[in-house]
Amino acid sequence: MSTVKEQTFDVLEMKREHYSLIIGGQRTESESGETFTTYNPATGEALATVSLAGIEDAEKAVQAARNAFDYGKWKKAPVNKRSRTLNKIAGIMRSRFNELVSLEIMDSGKSLSAAQGQVMQAIEDFEFYAGAIVGHRGTVNPVPGQFTNVAEKEPVGVCAQIIPWNYPLMMAAWKIAPALAAGCSVIVKPATLTPLTAIVLGEICIEAGVPEGVINIIPGSGSTVGNYLVEHKNVDKVAFTGSTPVGKNIMERASQTLKRVTLELGGKSPNIVFADANLDAAVDGSLFGIFYNTGQSCEARSRLYVHEDIYDAFMEKFVEKTKKLTLGDPHDKGTHIGAVIDQKQVDTIHEYVTSAKEDGATILTGGKQAKVDCFEKGSWYEPTIITNVSHDMKAVKEEIFGPVVVVMTFKDEKEAIRMANDSEYGLGSAIWTENHGRATRVAKAIQAGIVMVNCPFSAFPGTPFGGYKQSGFGRELCVETLDLYTETKSIISYFGNRPLNPFGV
């Protein structure tokens with residue numbers, strides 16, 4: 001083992017070929033000695049080897065986190081000290097911004113603009129919680145007679161945090177920042193497809209002064225390491241972002257020890273364009289809503305509903321602009337759409353498109369794997385628009401998780417709401433209208449945790465992010481998230497002069 005604090009890191013050098021686990025404040029290899037290779041989705045080339053965590057490593061991480069929480073100083077540290085540490089983490093990330101962006105691009109295949117925005121938000125998450133925790137206090141509550149009641153906030157304990165591959169650094173920040181702010185210890189299991197920036201973030205946290213054992217990073221299999229953490233009696237909370245089926249499995253496993261659980265799961269978000277919408281703004285926003293991050297977003301607005309009166313005009317512009325989107329070098333600022341995470345996901349996307357065609361749908365543009373000059377070995381899929389669909393089609397009901405949108409028309413507000421809510425999911429949604437009253441009515445009627453009115457952006461630090469129905473529960477990215485990482489302790493004190501004698505004997 002080598003101590004992180006003792007090393008001078010060039011952690012984001014292009015020459016770095018191997019990434020280790022982080023357990024107890026140290027870089028360490030797995031007990032088995034096994035490694036896996038992570039690939040650049042855009043090129044198909046090997047990027048780095050990563051130590052593969054197994055059950056023994058997960059147990060070491062749990063013990064390190066448990067010891068740090070039970071016997072360490074972090075949970076007892078003054079709030080202002082934890083706040084300063086989070087700001088220092090953000091400062092180090094800012095100083096390495098371009099390197100983090102480059103590594104995120106290579107690890108996930110996303111475009112430069114997407115990576116820049118996501119790294120910046122990850123930085124701002126730490127800054128946000130550095131401020132939010134200062135005001136996250138308990139309460140003094142009125143009680144009758146000569147009593148006082150103080151409700152204190154205490155960190156929940158050891159938290160297992162399972163990170164998806166579509167937003168590797170940003171999702172890690174969404175979970176790590178509030179947990180550290182609250183005084184918890186964390187064990188982060190990044191996706192094995194995209195572990196690099198999460199590992200680097202763990203190293204940055206330690207460099208910034210997070211004590212040993214408080215943050216542990218162990219990339220490994222979800223079915224082994226992930227399940228082990230979820231079921232472990234010494235893990236107090238699980239936070240998961242990923243698919244709905246896996247979320248259900250996690251909830252069931254965590255129930256055996258009554259762990260606190262938060263789940264941010266899948267989505268099939270509606271995007272409603274009314275006849276009075278600013279047409280150009282709606283087209284541009286709808287374009288971003290589905291094709292941003294190559295459509296690999298849980299809140300991607302993949303069901304597009306356009307009022308029948310403007311359908312032809314809208315679709316003419318929408319198809320034209322979709323065809324102008326550039327696929328290419330993810331590091332090029334002119335690239336709009338990056339690579340799909342791997343060939344397996346490309347095949348999954350194409351299966352959905354094929355099923356839509358077999359069901360009678362029309363492919364207006366796209367519909368096949370893309371070939372990109374100089375990136376022939378990468379994983380790419382053309383931005384795809386599907387029309388002539390109905391709600392009973394697989395491509396309309398299920399989450400595709402790629403650059404594919406299905407388009408339908410509606411007649412009136414009532415029908416738009418009914419169609420938007422005709423889904424088992426309820427994460428994101430968007431409304432385009434210049435009628436303020438309509439925007440308010442529809443926003444209240446839609447069964448979703450996030451409603452975007454005349455804008456394509458779904459999340460900023462400070463705005464609650466989470467879903468209704470089978471899109472999960474709990475909210476991230478906001479002050480309320482701190483409640484998910486704390487317990488409330490009620491302390492009732494008597495300050496009267498006469499001793500209490502309730503039984504009167």
Are D422 and K397 ion-paired here, with the side-chain N under 4.0 Å from a carboxylate O?
no
Strictly below 4.0 Å, N to O, side chains only: are K489 and E154 in salt-bridge contact?
yes
Parallel, tilted or perpendicular: which one describes the rings of Y494 and F147, with boundaries at 30° and 60°?
tilted
Looking only at side chains, do T433 and N435 share a donor and an acceptor under 3.5 Å apart?
no
Quick one: closest heavy-atom pair of F126 and A173, and the distance?
CE1-CB, 3.8 Å
Can the ring centres of Y305 and F410 be said to be less than 6.0 Å apart?
no
For the student: nearest non-hydrogen atoms of P178 and L482, plus distance
O-CD2, 3.6 Å
Please determine whether a side-chain nitrogen of the Lys or Arg among E398 and K268 lies less than 4.0 Å from a carboxylate oxygen of the Asp or Glu.
no
Residue pair I105 / A115: nearest heavy atoms and the distance that separates them
CG1-CB, 3.6 Å
State whether a side-chain donor-acceptor pair under 3.5 Å links N278 with W432.
no
How close do T257 and K233 get, counting heavy atoms only, and between which atoms?
CG2-CA, 4.3 Å
Of the non-hydrogen atoms in S429 and I446, which two are nearest, and what is the gap between them?
OG-CG2, 3.6 Å
Salt bridge present between D483 and R475 (N-O < 4.0 angstrom)
no
Decide whether N98 and Q116 meet the rule of one side-chain donor and one side-chain acceptor closer than 3.5 Å.
no
